[in-house]
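Structure first, then comments.
Note that these values count all heavy atoms, side chains included, but never hydrogens, waters or copies made by symmetry.
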Amino acid sequence: MPQTEFTLQARVYFEDTDASGIVYHANYLRFAERARTEWLRKIGYDQNRLAEEQDLAFVVRKMTIDFAQPARLDDELAIVSTLERVGRASMVFLQTIYRDNLLLCALNVKVGCINLKTGKPQPMSDHLHREIVNAG
């Protein structure tokens, strides 16, 4: 499988911070989610299309987070998403968030595919699976 990497640029806004001007810890999850969503869009899919056409949704199954340094108000961030593993009904991403090449946060995210009608695991279609595997 090709090493698939995607970088999303983002700025820290006031709404992302706590009273001290530091990014609130839960907002790193929002940055990571946006990066995975934009990666999916880059390869030609979006969440609405998958839901409408395949009754498919990607959901976070498991996540570990290592907070190394704080991000602050007005920082420019680079959210790097690396697809490490693809199964028929799951993917694993390493997502790292940087400010000026300084690692701020690292997330290991396992994403599962579910059927929206049943809420149960569902394999990706052959076409979608192939597109993801070849996304590099």
Side chain to side chain contact (heavy atoms under 4.5 Å, CB included), that's the test. Do Leu128 and Leu50 meet it? Break it down for me. CA-CA 9 Å; Leu128 176 59; Leu50 291 172; 3.8 Å; yes
The complete set of ring pair (Phe, Tyr, Trp, His ring centres under 6.0 Å) pairs with one or both residues in residues 85-131, sequence neighbours excluded, reads Trp39-Phe93
Close side-chain approach of Leu102 and Gln69, heavy atoms under 4.5 Å: yes
Quick one: side chains of residues 14-21, donor-acceptor pairs under 3.5 Å with protein atoms, not counting sequence neighbours, listed by atom name and distance.
| unit_1 | atom_1 | unit_2 | atom_2 | d |
| --- | --- | --- | --- | --- |
| Asp16 | OD2 | Tyr13 | N | 2.8 |
| Thr17 | OG1 | Phe14 | O | 2.8 |
| Asp18 | OD1 | Ser20 | N | 2.9 |
| Asp18 | OD1 | Ser20 | OG | 2.6 |
| Asp18 | OD1 | Gly21 | N | 3.4 |
| Asp18 | OD1 | Ile22 | N | 3.2 |

Do Phe58 and Leu40 come within less than 4.5 Å of each other through their side chains, counting heavy atoms only? yes
With sequence neighbours left out, write down each residue that passes ring-ring contact (aromatic ring centres under 6.0 Å, His included) with Tyr28, or none if nothing qualifies. Phe67
Once you round to the nearest 0.5 Å, how far does OH of Tyr45 lie from CD of Glu131? 4.5 Å
Hits for side chain to side chain donor-acceptor pair (under 3.5 Å) against Asn115, two or more places apart or cross-chain, chain-then-number order -> Gln122
Is the side chain of Glu76 donor-acceptor paired with the backbone N or O of Arg11 at a distance under 3.5 Å, no angle test? no
One should read off an interatomic distance between Arg85 CZ and Leu94 CG, to the nearest 0.5 angstrom, of 11.5 Å
With sequence neighbours left out, what residues match Ala68 under side chain to side chain contact (heavy atoms under 4.5 Å, CB included)? none
Residue pair Ile114 / Leu56, side-chain heavy-atom distance below 4.5 Å: no
Quick one: list whatever passes salt bridge (charged side-chain N to carboxylate O under 4.0 Å, His left out) with Arg61, sequence neighbours left out. none
Enumerate the salt bridge (Lys or Arg N to Asp or Glu O under 4.0 Å) contacts for residues 97-116, please, sequence neighbours excluded, ordered by first and then second residue. Asp75-Arg99
Chi angles and distances behind the side chain to side chain contact (heavy atoms under 4.5 Å, CB included) call for Leu77, Val12: CA-CA 7 Å; Leu77 306 178; Val12 175; 3.6 Å; yes
Contacts of type salt bridge (charged side-chain N to carboxylate O under 4.0 Å, His left out), residue Asp55, not counting sequence neighbours: Lys117
Asn108: partners by side chain to side chain contact (heavy atoms under 4.5 Å, CB included), with sequence neighbours left out: Thr64, Glu84, Val92
Side chain to side chain donor-acceptor pair (under 3.5 Å) with Gln54: which residues, sequence neighbours excluded? none
Minimum side-chain heavy-atom gap Ile43-Ile132 below 4.5 Å: yes
Is the closest side-chain heavy-atom distance between Arg36 and Glu33 below 4.5 Å? yes
Do Leu104 and Leu29 land in one hydrophobic cluster if side-chain heavy atoms of ILVMFWY residues count as linked below 4.5 Å? yes
Donor-acceptor check, side chain of Asp46 to backbone of Arg49, threshold 3.5 angstrom: yes or no? yes
Within one Ile-Leu-Val-Met-Phe-Trp-Tyr cluster: Val59 and Met63, side-chain cutoff 4.5 Å: no
Counting only heavy atoms not in Arg88, do more than 12 fall under 6.0 Å of its CZ? yes
So Arg72 and Val23, do their side chains get closer than 4.5 Å, heavy atoms only? no
Is the shortest side-chain heavy-atom distance between Ile79 and Arg34 below 4.5 Å? no
Please name all residues satisfying salt bridge (charged side-chain N to carboxylate O under 4.0 Å, His left out) with Arg130, sequence neighbours left out, ordered by chain then number. none
Do Leu107 and Ile97 make a side-chain contact, defined as non-hydrogen atoms from C-beta onward lying under 4.5 Å apart? yes
When clusters are formed by joining ILVMFWY residues with side-chain heavy atoms under 4.5 Å apart, either directly or through shared neighbours, do Leu83 and Val133 land in the same one? yes
According to a 4.5 Å side-chain heavy-atom criterion applied to Ile, Leu, Val, Met, Phe, Trp and Tyr, with indirect links allowed, do Val111 and Val80 form part of one hydrophobic cluster? no
Can you measure from NZ (Lys42) to OG1 (Thr37) and round to the nearest 0.5 angstrom? 14.5 Å
Over all atoms of both residues, closest heavy-atom pair of Ser90 and Cys113: N-SG, 4.2 Å
Sorted by chain and number, sequence neighbours left out, salt bridge (charged side-chain N to carboxylate O under 4.0 Å, His left out) with Glu38 holds for Arg41
Check the pair Cys105 / Thr96 against side chain to side chain contact (heavy atoms under 4.5 Å, CB included), numbers first and verdict last. CA-CA 6 Å; Cys105 182; Thr96 47; over 6 Å; no
